[in-house]
2 protein chains.
Amino acid sequence: MARKAASPNRKEEIVSAAVEVFAETGYYRATTAQVAGRAGISQPYVFRFFATKEDLLAEALNVSWTRTFDAFRGVIESAETPKLEEELIGAYTELMERHRSEILLQMQAQTIAEPRIAGIMREGFRETRKLVQDAFVRAGIDNPKHRTLIFLARGMLCNTSMALDLPELMEEEDV
Amino acid sequence: MARKAASPNRKEEIVSAAVEVFAETGYYRATTAQVAGRAGISQPYVFRFFATKEDLLAEALNVSWTRTFDAFRGVIESAETPKLEEELIGAYTELMERHRSEILLQMQAQTIAEPRIAGIMREGFRETRKLVQDAFVRAGIDNPKHRTLIFLARGMLCNTSMALDLPELMEEEDV
DNA sequence: ATCATTTGTAATTGATCGATCACTAATCTA
DNA sequence: TAGATTAGTGATCGATCAATTACAAATGAT
């Protein structure tokens with residue numbers, strides 16, 4: 001039997017590098033050489049782990065959605081009803097601060113037409129929506145579907161505000 | 001004095017073609033040859049009107065934002081107060097149906113880091129926000145800043161719903 | 001009708017990039 | 001320590017693309 005060693009998490013390192021490079025430069029303009037450089041390996045070595053650049057994008061998006069689900073699930077399992085929505089917003093804010101690149105990548109991927117990528121994005125949004133809506137229903141919140149829509153909508157505007165560095169887009173206190 | 005002729009709107013034709021091709025394929029992956037083909041001209045001829053591909057993108061975005069402003073202004077100048085928000089939503093829905101590609105291009109451009117493009121996007125969002133908020137204030141609507149945020153947020157989610165073909169994302173009627 | 005301007009294209013170029021191939025260095029097994 | 005497997009790289013290649021150049025055809029003015 002064979003034993004692997006070296007960097008046991010090479011694959012994860014490459015994915016992390018890809019998330020950053022894709023987010024900064026744009027998936028199509030970003031090169032596999034940039035990703036490799038960021039991961040501290042040579043460009044051809046990337047292809048030992050991912051057959052194509054698109055495979056790498058798909059995995060980067062999966063990682064990003066998994067983190068999103070986990071963040072929301074953590075809140076849903078622990079938060080008390082009256083603070084549920086507030087804490088979900090808090091969790092997303094923290095996600096955006098700690099994993100900005102993953103959110104920027106999700107934003108990009110919304111307009112990528114490749115069926116495989118579009119499928120991942122659709123599933124990501126569907127699952128997020130289900131997670132939040134079920135939690136609102138279980139918490140006995142009124143108009144759960146409406147509240148879920150508003151929650152997701154604020155999230156999308158929050159993304160725009162972050163990506164374009166336009167914090168005023170999220171101001172809502174009237175004097 | 002020289003007189004021009006041929007197609008007096010060649011430039012507009014190229015921009016229209018660019019909006020579609022960029023929206024379908026993604027700006028970075030789209031080629032100037034595709035844009036030229038869509039416009040019915042040769043690839044080098046594009047560069048008689050736009051010095052660089054980025055110039056073409058900038059103009060495409062300007063056209064798209066101008067149309068957005070015009071759509072909202074039309075409603076604001078004519079709508080009666082109680083129906084203002086409803087009609088603004090209607091105007092945006094129509095814009096998305098009639099000029100889907102322009103909206104998809106705006107979505108894409110949210111994550112393009114080139115300073116010139118980011119500047120156009122920032123200005124577009126700032127102006128849209130000002131337009132809507134001032135209209136809400138003039139209409140005497142309560143919490144105008146909050147209502148403006150919710151309006152813009154719904155617009156962003158609506159974009160996602162359209163781009164990913166996920167109509168359920170905009171459902172909000174509870175049974 | 002000729003000359004100048006404008007409209008447009010074919011051909012090309014220099015750069016870039018994803019992916020492959022051929023190879024070496026390190027590590028493991030027996 | 002020999003042999004085999006694994007980890008990793010340099011070199012390269014075919015394709016692609018934005019942009020330039022050098023032209024040709026049409027149009028307009030005199």
Polar side chain donor-acceptor pair, B/Glu20 to B/Ser101, under 3.5 angstrom: no

Over how many whole Å does the gap from [X] atom [atom1] to [N] atom [atom2] extend?
X	N	atom1	atom2	result
A/Ile41	D/dA7	CD1	P	13 Å
B/Arg48	D/dC23	CZ	C1'	11 Å
B/Phe49	C/dT6	CZ	P	12 Å
B/Leu57	D/dA19	CG	P	12 Å
A/Glu13	D/dG8	CD	C1'	14 Å
B/Asn9	C/dT7	CG	C1'	14 Å
A/Arg29	C/dG18	CZ	P	13 Å
A/Leu56	C/dC17	CG	P	16 Å

Report yes if at least one side-chain N or O of [X] is closer than 4.0 Å to OP1 or OP2 of [N]; otherwise report no.
X	N	result
B/Arg10	C/dG8	yes
B/Thr32	D/dC17	no
B/Tyr45	C/dG8	yes

Check: B/Gln34 side chain, B/Thr31 main-chain N or O, donor-acceptor pair, under 3.5 Å: yes

Ignoring the backbone of [X], work out which of [options] is nearest its side chain.
X	options	value
A/Lys53	C/dT20, C/dA19, C/dG8	C/dA19
A/Gln43	C/dT9, D/dG8, C/dT20	C/dT20
A/Thr52	D/dG8, C/dA19, C/dC17	C/dA19
B/Phe47	D/dT9, C/dA10, D/dA19	D/dA19

Pi-cation contact, A/Phe47 with A/Lys53 (under 6.0 Å, within 45°): no

Pi-cation contact, B/Phe50 with B/Lys11 (under 6.0 Å, within 45°): yes

Sugar-phosphate only, base, or nothing, as touched by A/Ala30 at under 4.0 Å among non-hydrogen atoms: sugar-phosphate

Sugar-phosphate only, base, or nothing, as touched by B/Ser42 at under 4.0 Å among non-hydrogen atoms: base

Candidate pair A/Leu56 and A/Thr52, rule side-chain contact (heavy atoms from CB on, under 4.5 Å), full reasoning: CA-CA 7 Å; A/Leu56 180 52; A/Thr52 66; over 6 Å; no

